[in-house]
Colleague: 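My questions will all concern the structure given below.
Excluded from the calculations below are hydrogen atoms, water molecules and symmetry mates; all remaining heavy atoms, backbone and side chain alike, are included. In this chain, residues are counted from 1 in sequence order.
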Amino acid sequence: TFHHENETARPDIYSVDFDNGIRTDVTATDHGAIYRFEFTGDTSSILIDQLVNSSKLTISGDTVSGWVDGGSGWPGRTRMFVYGTFDREPATAGATTQSDRNGTARYAAFDTTSDRTVELRLSSSFISQDQAEKNHEFELDGVSFDQAHAAVRDAWNDRLGVVHDVVGASDTQLVTLYSSLYRLN
């Protein structure tokens with residue numbers, strides 16, 4: 001659980017401090033994202049939930065891979081392939097029935113005795129599993145969370161900066177203008 005006052009949601013970053021003390025940050029690349037989890041205990045797990053017949057994800061060593069179906073199940077449904085790496089290998093990983101959905105979740109448990117931060121670099125592709133792995137190589141290998149965040153922040157500032165010196169708009173109108181520009185991009 002969390003409270004919205006402990007949440008930051010901007011085009012360049014999403015952060016939330018959960019009520020249990022865990023903090024999660026995520027920043028994007030063109031075809032992926034870097035997640036940073038800051039845990040509070042000596043052992044901590046990341047749970048990847050799955051819907052029955054709508055996804056197939058595996059965790060092997062430090063790698064997450066598989067696919068997720070999007071859409072409603074009607075014609076035109078899109079399959080998204082994913083490939084990711086944790087910044088270190090989990091102590092244990094596998095399947096669990098601790099799922100909020102009608103499915104089986106995968107988990108990765110980490111020893112966070114000396115380092116309470118775990119990062120997951122996750123890329124996607126609507127083409128193939130191989131392309132998701134190539135996108136990971138192109139965009140995420142060797143890129144730190146802070147580097148990715150700076151790059152996406154600069155890109156969004158360029159996009160959102162095309163409109164400036166708006167005259168006569170109220171704060172509400174400015175929020176509407178920039179929110180619409182964000183959705184457009």
Side-chain angles (χ1 to χ4, degrees), residues 1-51 55-68 80-101 103-125 129 131-158 182:
T1 60
F2 70 97
H3 294 86
H4 288 293
E5 61 266 14
N6 298 326
E7 176 185 44
T8 299
R10 297 190 320 244
D12 60 316
I13 193 165
Y14 177 80
S15 299
V16 62
D17 292 316
F18 291 97
D19 294 339
N20 63 5
I22 294 173
R23 178 180 176 91
T24 300
D25 301 300
V26 62
T27 194
T29 65
D30 284 342
H31 302 94
I34 301 177
Y35 293 82
R36 181 172 53 199
F37 306 95
E38 294 178 30
F39 294 106
T40 58
D42 291 342
T43 58
S44 300
S45 296
I46 296 170
L47 187 69
I48 301 171
D49 214 351
Q50 301 189 104
L51 290 173
S55 62
K56 183 176 181 186
L57 300 168
T58 60
I59 300 172
S60 178
D62 68 350
T63 302
V64 177
S65 62
W67 54 266
V68 177
M80 181 176 65
F81 298 91
V82 296
Y83 178 86
T85 56
F86 291 106
D87 62 347
R88 64 181 184 260
E89 193 165 326
T92 61
T96 179
T97 56
Q98 292 181 346
S99 174
D100 291 339
R101 305 180 195 205
T104 303
R106 300 286 182 249
Y107 76 92
F110 296 88
D111 178 352
T112 49
T113 306
S114 61
D115 184 357
R116 295 184 187 243
T117 302
V118 175
E119 289 188 357
L120 171 61
R121 286 163 178 71
L122 193 65
S123 60
S124 64
S125 169
Q129 187 67 50
Q131 187 62 50
E133 193 168 343
K134 287 179 183 175
N135 290 343
H136 188 278
E137 181 182 324
F138 294 144
E139 296 180 11
L140 297 168
D141 280 352
V143 176
S144 73
F145 184 94
D146 292 333
Q147 289 169 324
H149 179 226
V152 76
R153 183 190 60 230
D154 292 347
W156 275 108
N157 284 338
D158 287 345
Y182 165 75

Colleague: Going by ring-ring contact (aromatic ring centres under 6.0 Å, His included), name the pairs with one or both residues in residues 133-154, residues two or more places apart or in two chains.
Modeller: Tyr83-His136
Colleague: By side-chain hydrogen bond (donor to acceptor under 3.5 Å, both in side chains), which residues pair with Asp87, not counting sequence neighbours?
Modeller: none
Colleague: What's the spacing between Asn6 CG and Ser15 OG if we round to 0.5 Å?
Modeller: 11.5 Å
Colleague: Could you tell me if the side chain of Val26 sits less than 4.5 Å from the side chain of Ile13, heavy atoms only?
Modeller: no
Colleague: Going by side chain to side chain contact (heavy atoms under 4.5 Å, CB included), name the residues that satisfy it together with Glu139, two or more places apart in sequence or in a different chain.
Modeller: Thr29, Asp30, His31
Colleague: Looking only at atom types and distance, does a side-chain atom of Gln129 sit under 3.5 Å from a main-chain N or O of Val82, one as donor and one as acceptor?
Modeller: yes
Colleague: Does Tyr107 OH have over 12 foreign heavy atoms under 6.0 Å away?
Modeller: yes
Colleague: Does a salt bridge link Asp115 with Arg88, judged by any charged N lying under 4.0 Å from a carboxylate O?
Modeller: yes
Colleague: Determine whether Ile46 and Phe39 make a side-chain contact, defined as any pair of heavy atoms from C-beta on separated by less than 4.5 Å.
Modeller: yes
Colleague: Scan for salt bridge (charged side-chain N to carboxylate O under 4.0 Å, His left out) pairs involving residues 1-23, sequence neighbours excluded, and state none if there are none.
Modeller: Arg10-Asp12, Asp17-Arg23, Arg23-Asp25
Colleague: Nearest 0.5 Å, what's the OG-CD distance between Ser65 and Glu133?
Modeller: 8.0 Å
Colleague: Could you list the residues that satisfy salt bridge (Lys or Arg N to Asp or Glu O under 4.0 Å) with Asp111, not counting sequence neighbours?
Modeller: none
Colleague: Output all residues satisfying side-chain hydrogen bond (donor to acceptor under 3.5 Å, both in side chains) with Thr92, sequence neighbours left out; order by chain, then residue number.
Modeller: none
